[in-house]
Structures are given as structure tokens and as C-alpha cells.
Amino acid sequence: MVTVSPSQHSVASGSGAASPSLDRHGLSDSQLIDMYRTMLRIRRFEERVKELFLEARLYGSVHLYIGEEGVATGACSALREGDVISSTHRGHGHCIAMGLDLAPMMAELMGKATGYNHGKGGSMHIASLDHGMLGANGIVGAGIPISTGAALGFWVTGRPNVALCFFGDGAANEGAFHEGINFAAGLKLPVVFICENNGYAQFQSVQQDTPIPDIATRSISYGIPGVIVEGSDILAMFGAVRTAVDRARAGEGPTLIEAKTYRFEGHFLGDPEPYRTREEVAHARATRDPLKVFSAQLQQLGVATTDDLARIDRQVRDEVERSVEFGEASPEPSEDILLTDIYTGADSHGRTL
Amino acid sequence: MVTVSPSQHSVASGSGAASPSLDRHGLSDSQLIDMYRTMLRIRRFEERVKELFLEARLYGSVHLYIGEEGVATGACSALREGDVISSTHRGHGHCIAMGLDLAPMMAELMGKATGYNHGKGGSMHIASLDHGMLGANGIVGAGIPISTGAALGFWVTGRPNVALCFFGDGAANEGAFHEGINFAAGLKLPVVFICENNGYAQFQSVQQDTPIPDIATRSISYGIPGVIVEGSDILAMFGAVRTAVDRARAGEGPTLIEAKTYRFEGHFLGDPEPYRTREEVAHARATRDPLKVFSAQLQQLGVATTDDLARIDRQVRDEVERSVEFGEASPEPSEDILLTDIYTGADSHGRTL
Amino acid sequence: MAVLSVSQALNMALREEMGRDDRVFMIGEDIKDSTYGVTRGLWDEFGPKRVIGTPISEIAIAGAVLGAASVGLRPVAEFMYMTFMMCAMDQVVNQAAKSKYMFGGKAVLPIVYRTMAGAGRANAAQHTQSLEAWFAHVPGLKIVMPSTAYDAKGLLKTSIRDDNPVIFIENKVQYATTKDEVPDTDYTVPFGVASVRRTGKDVTIIGLQRMVEIALEAADHLAEEGIEAEVIDPRTIVPLDLDTIIKSVKKTHRVVIVHEAHERVGFGAELVAQIVQHAFDYLDAPPARVANPNVPTPFNRILENLSIPSAAQVAQAVRGLMR
Amino acid sequence: MAVLSVSQALNMALREEMGRDDRVFMIGEDIKDSTYGVTRGLWDEFGPKRVIGTPISEIAIAGAVLGAASVGLRPVAEFMYMTFMMCAMDQVVNQAAKSKYMFGGKAVLPIVYRTMAGAGRANAAQHTQSLEAWFAHVPGLKIVMPSTAYDAKGLLKTSIRDDNPVIFIENKVQYATTKDEVPDTDYTVPFGVASVRRTGKDVTIIGLQRMVEIALEAADHLAEEGIEAEVIDPRTIVPLDLDTIIKSVKKTHRVVIVHEAHERVGFGAELVAQIVQHAFDYLDAPPARVANPNVPTPFNRILENLSIPSAAQVAQAVRGLMR
Ligand SMILES: Cc1ncc(C[n+]2csc(CCOP(=O)(O)OP(=O)(O)O)c2C)c(N)n1
Ligand SMILES: Cc1ncc(C[n+]2csc(CCOP(=O)(O)OP(=O)(O)O)c2C)c(N)n1
Ligand SMILES: [Mg+2]
Ligand SMILES: [Mg+2]
């Protein structure tokens with residue numbers, strides 16, 4: 001009889017405040033500045049989305065990524081042309097990190113004809129296959145088998161690409177998590193699983209929901225590497241994901257990366273947040289804001305001055321404003337499209353056209 | 001960044017031939033002999049079932065437990081009145097270990113009116129709630145959330161009982177495994193999970209299906225103890241399960257026990273077994289037969305002589321024979337029962353009676 | 001008598017039944033801080049062993065209630081959106097619905113699966129699908145679809161006291177907007193008894209859940225044109241009160257069925273089949289269906305609105321039958 | 001031309017399509033050593049990257065094919081028994097079926113979900129349920145139900161070449177026992193074209209999959225009594241060839257629908273609703289349904305047999321309409 005005791009296997013937690021890593025991982029100045037700009041695009045886009053929502057100028061179920069920008073941006077910066085990602089209900093950050101344009105994103109959030117999904121999807125379903133963005137997803141955990149499948153497609157065809165899979169701490173309790181990762185691990189598929197542990201699944205804290213301190217520990221169940229990174233440290237995030245992506249591309253199989261992060265906003269727009277204190281949020285904003293952390297790092301590295309960063313901010317705000325104008329000026333979808341695009345090459349009854 | 005490496009966490013495998021443990025765990029002579037008898041009842045019952053199936057005297061999807069008797073018998077011997085189990089498609093052993101009668105079992109396998117399920121269930125669905133046997137199950141992994149739920153019932157009401165949950169190595173790859181154990185672990189429910197790792201899920205070997213050597217390792221994902229036991233060693237099995245059951249009853253939560261075992265027969269009756277060699281089966285029969293192992297142990301302990309054991313065998317064969325006679329003499333269910341018992345207190349349309 | 005919203009009525013039913021019977025407990029995701037208010041306050045009142053928050057694990061929830069019912073409890077599970085039940089279909093259908101029969105009658109499984117269907121809040125396709133037709137296709141389940149706050153309370157209490165797995169469907173728009181008088185007394189509403197919400201002689205309109213409101217609205221318009229519609233709310237679709245429906249159709253000779261689920265193989269098809277079978281010679285026109293077209297629910301609210309039945313469509317369908 | 005069984009015909013279709021198009025691959029549990037012979041030999045021929053055995057993980061299978069299709073492949077997934085699909089309903093319905101629409105049309109998702117339905121092998125309730133009605137209720141899926149070996153091959157090839165998620169249903173009894181001439185040439189059978197399996201003027205019998213055989217058997221009996229039945233096999237239920245059905249009903253004025261799924265909200269209900277809508281004035285009697293009663297499939301083979309339609313029941317239903 002052999003006993004497997006949990007204590008034997010627990011790992012040190014990497015959570016808490018970022019300890020700014022100054023390894024720039026060979027990234028050029030312009031790459032670093034692009035990463036900053038991407039994070040800022042997410043932040044400013046969503047700040048504006050929140051305002052518009054409160055003014056009832058857009059609607060639907062909207063989940064903000066503010067506070068978590070380092071995760072998507074660091075991770076997607078490690079990808080190449082042809083790589084793909086799957087995303088979640090909290091998908092704006094992933095979209096922007098994959099290079100989607102703000103204007104058709106904003107239009108989609110407004111349900112307009114010019115949106116990425118012609119208004120049929122809304123915030124929870126933005127997809128742009130051209131950008132390798134396989135879709136936000138309204139079902140918790142559902143992206144995990146899907147990105148595993150994309151990686152399976154690469155494996156079957158020998159295409160040298162990788163799939164990145166984003167999901168939350170809550171999703172790590174879904175059956176889809178287990179089946180998707182287990183299957184990928186067995187075939188050593190080129191997929192990297194990134195758990196965005198922002199401390200909460202809707203109104204329940206990860207401590208309530210999950211009987212172990214670190215979700216990365218679950219990698220052990222699948223015989224794959226598990227890594228814990230502080231998500232507000234974009235350089236650490238980039239480094240961890242690049243290592244995992246290289247490994248995946250080399251045929252060595254998946255990695256489970258747990259990004260410890262925090263959402264500064266409510267679960268969805270309109271969330272009264274009875275489950276946490278203002279102090280907790282304020283503390284995270286003060287210590288774990290990926291923009292603040294990276295801004296300091298960029299200055300420390302001599303890559304950008306506060307003036308440079310302020311200029312970028314103005315450009316980004318301007319771009320966001322144009323996306324709002326674009327969205328608001330765009331028409332509602334024509335009623336005719338209600339029954340189109342249910343099938344490829346067939347009418348709404350499935351009859352071949 | 002913290003790395004969780006799998007090598008750091010692998011556990012020594014407890015598989016291979018039984019190393020007979022001679023700790024009798026305080027079991028009395030008569031208890032030990034009862035355990036032997038129970039294993040033999042499973043063996044002889046199923047040997048007869050196989051013959052009857054080949055003679056077309058019974059039918060359906062029948063999965064034999066022969067070779068795995070030590071697991072169910074050792075485990076269920078650790079239970080008390082009021083405890084319950086959930087079972088699998090390979091459920092005869094669990095039924096017999098819970099004290100079900102052979103005659104209505106055999107009748108059920110024949111689809112007769114006198115069967116435990118009046119012929120409506122067959123081999124894959126035998127249930128006897130009076131015995132705490134919550135049901136065999138045709139869906140791989142489905143018993144896991146169900147026994148978790150029974151344990152939840154005990155927890156809600158404070159009843160001092162425990163649920164035992166049997167499932168296979170194949171089931172450990174189902175979403176139900178993950179969700180069921182995770183939930184039980186979070187609330188420290190009184191349930192013990194017993195993975196019967198018999199090396200194969202249908203025609204696929206566990207090595208093909210599972211990227212880690214030991215399924216017990218998955219306990220780490222839920223922060224619960226994991227234990228590996230050689231299933232052909234009934235005393236080891238009993239010891240491990242009793243420890244886990246005591247723990248569960250004391251409110252300390254679930255344990256995941258992996259019993260390394262081997263099925264001597266095909267996956268189902270009729271399986272041509274192209275996926276393994278005769279030698280492999282013969283080797284297991286020679287080295288890992290729980291009856292042989294326990295028979296030697298009983299003699300070594302001075303609890304029984306070969307004569308004693310032979311007498312038990314005759315009694316058991318006789319009992320099995322009577323179960324066949326009972327089954328064959330029993331009537332087919334009346335056609336009237338086709339539409340009964342779909343609802344409690346309502347007709348087949350759900351209309352209150 | 002107080003005028004309550006559907007969510008308040010449901011909350012009252014849960015509180016009363018939990019108070020009445022120790023074996024009743026609730027389980028689900030985020031039921032402590034209830035999004036739509038149905039479970040509000042119950043955690044504080046009954047504590048964490050009666051109001052059990054779970055991880056995001058629908059299979060675990062659906063199976064756990066079955067196991068708990070097997071050992072004598074009377075669980076009420078919550079799945080926020082009905083589409084999430086697709087994650088747990090095996091436990092609900094292969095396990096909970098079939099066990100009693102497979103076991104030869106032995107199990108008594110008093111389970112309520114509460115869930116929320118319907119469109120109207122711009123939640124898009126993965127949070128908006130009405131699946132009553134799926135569940136009605138499964139022997140062993142009862143399917144409850146209240147359309148008023150009064151019925152919501154009375155039927156939820158009946159569901160909790162029923163000894164079978166019940167799919168209790170709530171409508172996301174009605175939670176807050178549908179309000180009516182709800183006694184704070186211990187009353188129940190029986191299964192299998194339709195409610196005639198309006199009497200009329202010219203046409204029968206059968207509506208499911210929120211579509212009863214649409215049917216009543218249509219009936220008002222039609223009345224102005226001199227067409228008197230009888231509006232029937234079956235309230236439970238399994239069991240179904242066919243007698244009330246057939247009696248009405250034999251009187252009016254015309255029937256329109258309105259529901260939110262997709263038309264193709266929706267419950268409306270079953271109603272048509274049953275009505276035709278039992279009242280063929282009384283029909284002056286073929287039964288008409290007004291239901292969601294076969295399209296996933298779009299996000300855009302104009303499109304979303306077009307994807308569910310309107311009172312105008314119902315009135316139009318009625319007029320079509322009067323010609 | 002060789003006479004092949006359904007499983008041999010399916011095997012031939014898979015082999016041809018895998019040979020024809022590199023993007024086609026197969027995935028499922030135990031597909032190397034195929035239980036019913038459908039995938040036999042393909043692993044040897046195409047290797048482990050085209051015939052992919054998976055752990056017992058239905059969610060993973062159902063989702064993996066969606067992901068693979070998203071990056072340009074044409075996967076064919078196998079779920080042994082249709083009831084196992086309940087473990088993966090979210091991936092099939094919320095994801096695969098809805099994605100194209102939710103994404104505003106962008107995704108092209110050529111996926112085949114092969115699965116096996118029907119009773120007749122004493123597998124009991126958890127291995128025996130026909131769920132075509134569920135899938136037909138879901139926009140975005142096509143549903144294929146061949147009843148001959150010839151159609152099985154031709155329709156499977158069409159399914160693999162179709163750019164949408166297709167639920168391809170096979171019948172467990174027909175695999176070995178239904179045999180007919182199957183060319184080894186590259187032919188396809190189009191979706192949405194019913195096959196008139198027997199012509200007649202007195203009644204139309206519409207059968208699904210194996211029930212076509214039952215319908216034909218019933219037609220033979222009826223012919224002896226002087227009743228000439230027309231037997232129609234829709235072959236695909238989404239899309240549905242309503243024209244052929246309506247044309248036949250307008251000729252015969254009577255219709256009986258036979259399928260194995262449960263009667264309540266089965267696909268027969270939809271057929272009744274559509275026929276009544278489009279041929280009300282031509283009907284001499286209400287359309288009749290012969291289907292499984294609303295009972296989980298019992299194990300005992302006598303009871304199992306009683307739980308599915310028989311030729312005698314179909315003939316009886318026809319006689320009921322002739323009065
Ligand atoms: C299958 C399913 N169950 C429940 C929900 C409702 N829901 C939406 S988001 C959410 C919390 C998810 O938490 P997590 O995965 O940690 O992601 P986060 O919102 O924190 O980014 C829940 C429960 C859902 N969308 N899908
Ligand atoms: C959900 C589901 N998927 C697939 C099957 C088909 N099936 C029946 S038994 C079996 C193998 C199960 O393997 P394991 O859990 O190791 O149990 P064992 O048969 O070895 O005892 C499979 C795949 C099933 N019954 N249920
Ligand atoms: Mg979270
Ligand atoms: Mg096994």
C-alpha cells in the first residue's frame with residue numbers, strides 16, 4: 001500500500017504582489033511598448049464600455065477584464081502567425097491581445113451590423129477566426145476541449161502551430177477542464193492551458209470552491225508541467241507562456257499555467273459585489289495593477305518615459321473614442337439576417353441552397 | 001514563478017503481484033471466512049453466468065468481475081449498517097459484497113419477474129436500496145456524483161454513514177469523476193472513492209488512456225489522501241478502505257483509493273480480446289488471483305484448512321445452482337408491467353394516481 | 001393579500017417548504033447571493049447545510065441531488081440558465097429520470113431541478129434556450145412551467161412535495177416583471193390541471209409560461225375585432241391536462257399554440273398531434289403554431305425580439321384561422 | 001454489385017472519404033477495435049493520426065472535433081451509444097450547433113457526429129434511447145437516419161462533405177442484419193430527398209430508420225387485405241423533404257408515422273404538425289403515430305420488444321384510419 005499524501009505534493013504559492021521581474025526576455029523596445037499599448041487598449045476600451053453601459057448606450061451581459069490585462073497580453077505576445085486561442089465570457093482582453101480592432105468589437109457590444117458578429121453574438125461571443133481568435137464563450141470551461149481540438153488539428157496535419165486556452169478558476173471545476181486537459185496530455189498536443197485565477201467564480205471565492213490552494217497543482221493529474229505566475233507581471237507572464245509555447249511547438253505537450261490575478265471590477269456590469277470588501281479591491285488596485293507595474297518596469301529599463309506613456313495613452317483614448325463613434329454611427333442589423341448563417345450553404349431549415 | 005513538476009510528485013506504484021499482508025486487522029476467524037465465502041460467491045456466480053450466457057440461457061450486456069473479487073469484498077467488509085455504495089456496469093461483485101441474494105440477482109440477469117428489478121434492469125442496473133446498493137450503472141463514471149450525493153445526504157442530516165463509490169480506470173477520465181470528487185472534497189463529505197484499475201477500459205489499456213502511472217495521484221488535485229493498494233490482497237484492501245471509511249465517518253472527508261487489479265475475463269461476455277495476449281491473462285491468473293492469495297493467507301493464519309475451504313466451495317456452488325434453478329423456474333414479467341413504475345404515485349403520463 | 005413578483009413568490013415557496021420539512025435542501029452555484037433574488041435570504045435563515053453553494057460543476061449538482069434523494073432527502077437544485085443543464089444531461093436523463101424504472105420501481109426520487117428559460121434579456125444563444133420539449137420527451141420527468149407568481153409559488157411547493165424528479169422552469173423576464181396576488185398561506189397548485197386564463201368561444205390559444213401573457217395580449221386585440229379567444233395555460237406539460245384543452249377546442253374549433261422554444265419539434269408539435277388525434281372532427285382549420293423560428297437566439301435586441309413570438313403574430317395566426 | 005451490411009457500407013464510406021480527403025479523420029473511444037465493425041481496419045490503413053482513440057471522455061471528443069474543424073479539418077467523431085452523447089450535450093448543442101450563427105456566419109464547421117440508436121439488443125435504458133427529436137429541435141444541426149446499407153454509405157459520404165455539424169444516426173440492429181447492394185463506386189445520396197420505398201394509394205406510412213423495415217412489413221400484410229400503403233423514408237429529418245410527404249398524403253389522404261423514439265414530443269409530432277398544416281383539407285383521418293410509449297427501455301426482451309413499434313401495430317393503426 002502506498003499513500004499519496006497531499007502535503008507531500010503541495011507547491012509554494014506564487015500569489016501576492018508582483019515582484020517585478022526585469023528579465024525582458026529578449027523583447028525589443030518596440031515590442032515592449034506594443035505590449036504596454038495592448039494592455040492600455042484593453043483598459044481604456046473597457047473603462048469606456050462601462051461608462052456606455054451605465055448610460056444605457058450598450059447592453060447585454062458584459063464581463064470586464066480590467067486588472068487582468070497582463071495575463072492575456074503577456075500570453076498572446078508569445079504567439080506566432082497561425083496560432084489560435086479560445087476565450088471565455090470575459091473575453092475582451094483576449095480579443096484585443098490577439099489584435100482585433102476596437103471598432104468592430106465596440107460595434108458588436110452594441111449589437112450593430114458592423115460588429116465582428118454582425119450583432120448576433122455580443123460581448124460573450126466575439127470571434128475572429130482570421131485573427132486566430134476562436135471565440136469568447138458563454139459556457140464556463142467549454143473552451144478547453146475546443147482549443148484542445150484546435151491543437152489536435154495541428155497535430156493531425158503537422159502544422160507547426162499552438163493553441164492557447166484561457167479559462168477561469170471557476171472553470172477548473174468543470175468536467176470539461178478535466179477531459180480536455182487529460183486528452184491533450186495523452187497525445188502531447190500543442191496547447192497551453194492558462195487558468196486566470198482572479199480569486200472569484202462569479203460571487204464565490206476560489207477558496208470556497210476549490211479544495212487546494214493552487215490550480216496549477218492539477219497539472220500533476222495529467223503528467224504535464226504546472227506553473228504559477230503573478231498575472232500583474234506581464235514579463236513573467238510572457239516568459240512562462242513562451243517557454244510553454246516552445247515546448248508545445250516542439251511536440252512535448254501541454255502545460256498548465258496558473259496566472260494569479262484579480263478583477264478590479266464586478267463579475268458583470270451591474271454586480272453589486274456583496275461578496276468582497278472595497279478594501280480588498282482597493283488593495284489590489286494599488287499593488288497588482290499590471291499597467292502600473294509595467295509602466296514602472298519600462299521606465300526602469302529605460303524603454304519609455306512617463307511622457308512616452310502618456311502619449312500612448314492619448315492615442316489609445318483617441319482610438320477608443322473612434323470605436324465608440326463607429327459603433328454608434330453603425331446601423332442595427334437588418335431584420336433579414338435573423339434567419340441567415342444558421343448553416344453553411346443551406347437555408348434556415350438546413351435545405352441546401 | 002513557481003514550477004510544479006510532475007516528477008516531483010509521482011508516487012511509487014503498488015502494482016504487481018500481491019505481497020501478502022498478514023495483518024488481519026482485528027478480523028475474527030468467522031469474519032475472515034465470510035470474506036472468503038463472499039469472494040467465492042462472486043467467482044462461482046459469475047462462472048455460472050458465463051456458462052449460461054454461452055448456452056444462451058441468459059442474455060444482455062454482461063461484464064464479469066472475475067479476478068477483481070478482492071476489491072469489492074475487502075472494501076464492503078469495512079462498511080456498517082446504513083452505509084451505501086454506488087457501482088458500475090461491472091457490478092455483480094459489488095452487489096454480492098453488499099449481501100444481495102444470488103437468486104434474485106440471477107433472475108434479474110435472466111430478465112425474470114423475480115429479479116431484483118423485475119427484469120427491467122438486467123446486469124447493468126441491479127439495485128437494492130435495502131442493502132445500501134444504490135445501483136449498478138451503464139454510464140461510465142456516473143456513479144461518482146451519485147455517491148457524492150448520498151454522502152451529501154448524510155452530511156446534511158448528520159447521519160453517521162459513509163458512501164463507497166466504485167468506478168474503473170476508464171471512468172477516471174470522465175468529467176463526472178472530476179466534478180464529483182472535487183465537490184465531495186470541498187465539503188469533506190463522507191465518501192470513499194475506489195478506482196478499480198483493472199488495466200483496461202473496454203479495449204484500451206490504461207497506459208494508452210491515462211497520461212500518469214497511478215490514478216491515485218489525482219487525489220492531489222482535490223487535496224484528499226490518495227492510496228494505492230494491490231486489489232488481489234483482500235486484507236490490504238480491507239485495511240486501506242477501513243482507514244478511509246473511519247476518516248470519512250469522522251468528518252475528515254474523502255479518500256481516493258486506487259486498487260490495482262486485473263479482469264481475468266473479457267470486457268463483456270463475447271469480447272474476442274484482440275487487445276491483450278493469452279500470456280498476460282494467464283500470468284495474472286497465476287499471480288494475482290485474490291482467491292488463491294487469500295486461501296493461502298487463511299491457511300497461513302491457521303483460520304481454515306483446505307478442507308474447510310473446499311466445503312465452503314461446495315456450499316457456494318450449491319447456492320449458485322439454486323439461483324440458476326430459481327431464475328429459470330421464474331416467470332417472465334407480465335406484459336402489464338411495461339408501463340408501471342415510471343413515476344412514483346403517477347401513471348405513465350405522469351398523471352397523479 | 002400582497003402583490004408579489006415571481007421571484008418573490010418562489011422565494012416564499014422555498015422558505016415555507018424548507019421550514020416545513022427538514023429533508024428539503026437547496027443546492028447550486030451562487031445561491032447564497034442569488035442573481036435573480038429567488039434564493040435571497042435563505043442561506044442566512046437556514047445555514048450552509050440547507051443552502052449549499054457548489055463549485056461551477058453542473059454534473060456534480062445534478063448527480064448529487066439524485067444521490068441525496070436516494071438516501072431520503074428532498075433536494076432542490078438550481079441551474080441558473082437552462083442551457084447550462086446541457087452540461088449535466090446524463091445525470092438528469094440517464095440517471096434521475098430512468099432510475100426508478102430501471103430499478104423495477106424501488107427508488108423514490110423527490111428531486112426538483114429549478115432552472116430558468118426564455119429570451120428577452122440580450123443574453124444571446126448560449127444563455128437563452130427553452131428546452132421543455134427535450135425534457136417532455138423523457139419518461140420519468142415531470143415538467144412545470146408556471147406563468148404567474150401565484151402559480152409559481154403553488155407549483156413549486158407541489159414540486160418539492162412530489163416524489164419524482166421535476167423540471168421546474170422559470171422565466172427570466174417574468175422574475176421581476178410578472179406580479180400578482182400571492183397569499184402567504186400554505187397553498188399548493190396541483191399538477192396536470194390547466195388554468196383557463198380567459199374564456200372565449202371563437203378560438204383557443206394555448207400559451208406556455210411567459211407566452212400566456214402574449215396570448216392574453218393578443219386576445220385583447222382580437223376582442224376589439226370581435227374575436228373571442230379562450231386562453232389556456234397548461235401550467236404543467238407533463239402531466240398534461242388534455243381534457244381542458246380538448247374541451248375548449250371542441251367548443252372553439254380552432255387552436256393556436258404559442259411557446260418560446262424553437263418551433264421544430266417543440267412542445268407545440270406534441271400539442272398539435274394530440275389535439276388532432278382527439279378532436280379531428282371538431283377542427284375547422286389546422287392547429288397553428290407560433291414559436292421561435294429555428295434560429296439560435298441572437299444578441300441584438302431587435303433581432304432577439306423577432307426571434308420570439310409577439311402578440312401581433314399570435315393575433316395574425318388567429319386571423320389566419322378565421323378565414 | 002456486392003451485398004453488404006450497414007456496418008460494411010459505413011466502413012466503405014469512411015475508407016473512401018479518408019482516402020479522398022486528408023482533412024478527414026476519425027476520433028472516438030475504442031475505434032481501433034471497433035465493437036460493431038464500422039471502423040474495422042481503418043487504424044491499420046490510416047494510422048493513429050487519422051484514427052484517434054480517446055480516453056472515455058465524451059466532452060473531450062465532442063469539443064475536440066469542433067476545435068479541429070475550426071482550424072480546417074473535417075472530423076468524424078464516434079459516440080458508441082447515443083445515450084452517451086448526453087455526457088457531451090453542451091459541446092454539441094451550445095457550441096458546435098450555435099457557433100456559426102453566434103459568430104455572425106464566420107465559422108465553417110464540417111463535423112460528423114456518428115452515433116448509434118435504437119433498441120433490440122437488450123441493452124436496457126441507459127444504452128437505448130433514440131434522441132433524433134432532441135437534435136432536430138436544435139437549429140444548426142443536420143440529422144441523418146439511413147435505413148439501408150446503400151443509403152448509409154451514400155449519406156455518410158454526403159455528411160462528411162457537408163460543411164455543417166451533422167448528427168449521423170446508425171441503428172444497432174441494422175448494422176449486421178440489414179443488407180443490400182452497395183456499389184464500391186464513389187456515389188453520394190443527397191440530404192433532404194426522401195426515398196419512396198413502396199408506392200401505394202390508400203395510406204402513407206412514414207418510417208424512420210429501422211422502422212422503415214417495419215413499415216414495409218406492415219405494408220405487405222396490408223396488401224393482403226387489399227390496402228396499398230405507400231412507404232416513405234425521409235432519410236434525413238433535417239433537412240426534411242416535406243414535398244414528397246405532402247404529395248403522398250394528398251394522394252392517400254391518410255398517414256401513419258412510425259419511429260422508435262418516445263412518442264411524446266418525438267419527431268412524429270413534428271411530422272403530424274407539418275402534415276396537418278400543409279394538407280389539412282386532404283386528410284380523411286387524423287395522422288396516427290406509432291412510436292415507443294413513454295417508458296425507459298426495459299431490459300427483458302419481451303418487454304423491450306413491446307416498447308418499440310411492431311409491424312402489427314402499424315397495420316393496426318392503418319386499419320384504424322380506414323374505418
Ligand atoms: C456551465 C456554466 N455554468 C455556470 C455559468 C454561469 N457563470 C458565468 S461566469 C461564472 C463564473 C466563472 O468563474 P471563472 O471561471 O473563475 O471566470 P471569471 O468570471 O472569474 O473570469 C459562472 C458561474 C456558465 N456561464 N456556464
Ligand atoms: C459515458 C460512457 N461512455 C462509454 C461507455 C462504454 N463503455 C462501457 S464500459 C467501458 C469501459 C470502462 O472502463 P473502466 O472504467 O476501466 O471499467 P472496467 O470496464 O474496466 O471495469 C466503456 C468505454 C459507457 N458505458 N458510458
Ligand atoms: Mg474567476
Ligand atoms: Mg478498467
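First the proteins, then the strands, lettered A, B, ... as listed; each starts at 1.
With a 4.5 Å cut-off on non-hydrogen atoms, C:F25 touches chain B through its side chain but not through its backbone. Contacts between B:A163 and chain C at a heavy-atom distance below 4.5 Å are absent for every atom of the residue. Contact annotation for B:D347: neither backbone nor side-chain heavy atoms come within less than 4.5 Å of a heavy atom of chain C. With a 4.5 angstrom heavy-atom cutoff, B:L152 touches chain C only via side-chain atoms. Of the atoms belonging to B:I337, it is backbone heavy atoms, and not side-chain ones, that fall under 4.5 Å from chain C. For B:S348, no part lies near chain C; criterion is any non-hydrogen pair under 4.5 Å. Using a 4.5 Å cut-off between heavy atoms, B:N182 touches chain C through its side chain atoms alone. Only the backbone of B:H349 comes within less than 4.5 Å of a heavy atom in chain C; its side chain stays farther off.
When each of B:S86, B:G135, B:P145, B:G153 is checked for heavy-atom pairs under 4.5 Å with chain C, B:P145 comes out on top. Per-residue heavy-atom pair counts under 4.5 Å with chain B were compared for C:A68, C:P48, C:G105, and the maximum is reached by C:A68. Counting heavy-atom pairs under 4.5 Å between each of B:A127, B:A136, B:G132 and chain C puts B:A127 at the top. When the candidates C:V238, C:I52, C:V65, C:L240 are compared by the number of heavy-atom contacts under 4.5 Å with chain B, C:I52 comes out ahead. Contact count versus chain C (heavy atoms, under 4.5 Å) is highest, among B:N137, B:T157, B:I144, B:L189, for B:N137. Each of C:N94, C:L141, C:D162 has some count of heavy-atom pairs under 4.5 Å with chain B, and the biggest count is that of C:L141. When each of B:G143, B:A142, B:G138 is scored by its heavy-atom pairs under 4.5 Å with chain C, the top score falls to B:A142. The most heavy-atom pairs under 4.5 Å with chain B, out of C:A107, C:P75, C:G67, C:A97, come from C:G67. Comparing B:I181, B:T352, B:L338, B:N161 by heavy-atom pairs within less than 4.5 Å of chain C, the highest count is held by B:L338. Most heavy-atom pairs under 4.5 Å with chain C, from the set B:A150, B:G121, B:G175: that is B:A150.
One finds the CE atom of B:M133 at 7.0 Å from the CD1 atom of B:I126 (value rounded to the nearest 0.5 Å). Of the inter-residue distances, the one linking B:F166 atom CZ with B:H94 atom NE2 reads 5.0 Å to the nearest 0.5 angstrom. Distance check, rounded to the nearest 0.5 Å: CD1 of C:I160 to CZ of C:F168 gives 8.5 Å.
Annotation for B:R80: atom CZ does not count as buried by contact number, only 12 or fewer foreign heavy atoms lying within 6.0 Å. No more than 12 heavy atoms of other residues, nucleotides or ligands lie within 6.0 Å of CD in B:E335, so this atom counts as exposed by the packing criterion.
With 3.5 Å as the limit, one finds no donor-acceptor pair spanning the side chains of B:H178 and B:R218. For the residue pair B:S123 and B:H92, a side-chain donor N or O sits within less than 3.5 Å of a side-chain acceptor on the partner.
Ring geometry for B:H63 versus B:F268: interplanar angle over 60°, hence perpendicular rather than tilted (30 to 60°).
Salt-bridge formation is detected for the pair C:E16/C:K153: a Lys NZ or Arg NE/NH1/NH2 atom is positioned less than 4.0 Å from an Asp or Glu carboxylate oxygen.
Here the side chain of C:Q209 pairs no donor or acceptor atom with the backbone of C:S147 at under 3.5 angstrom. Using modelled atom types, no side-chain atom of C:T158 and backbone atom of C:T188 make a donor-acceptor pair closer than 3.5 Å.
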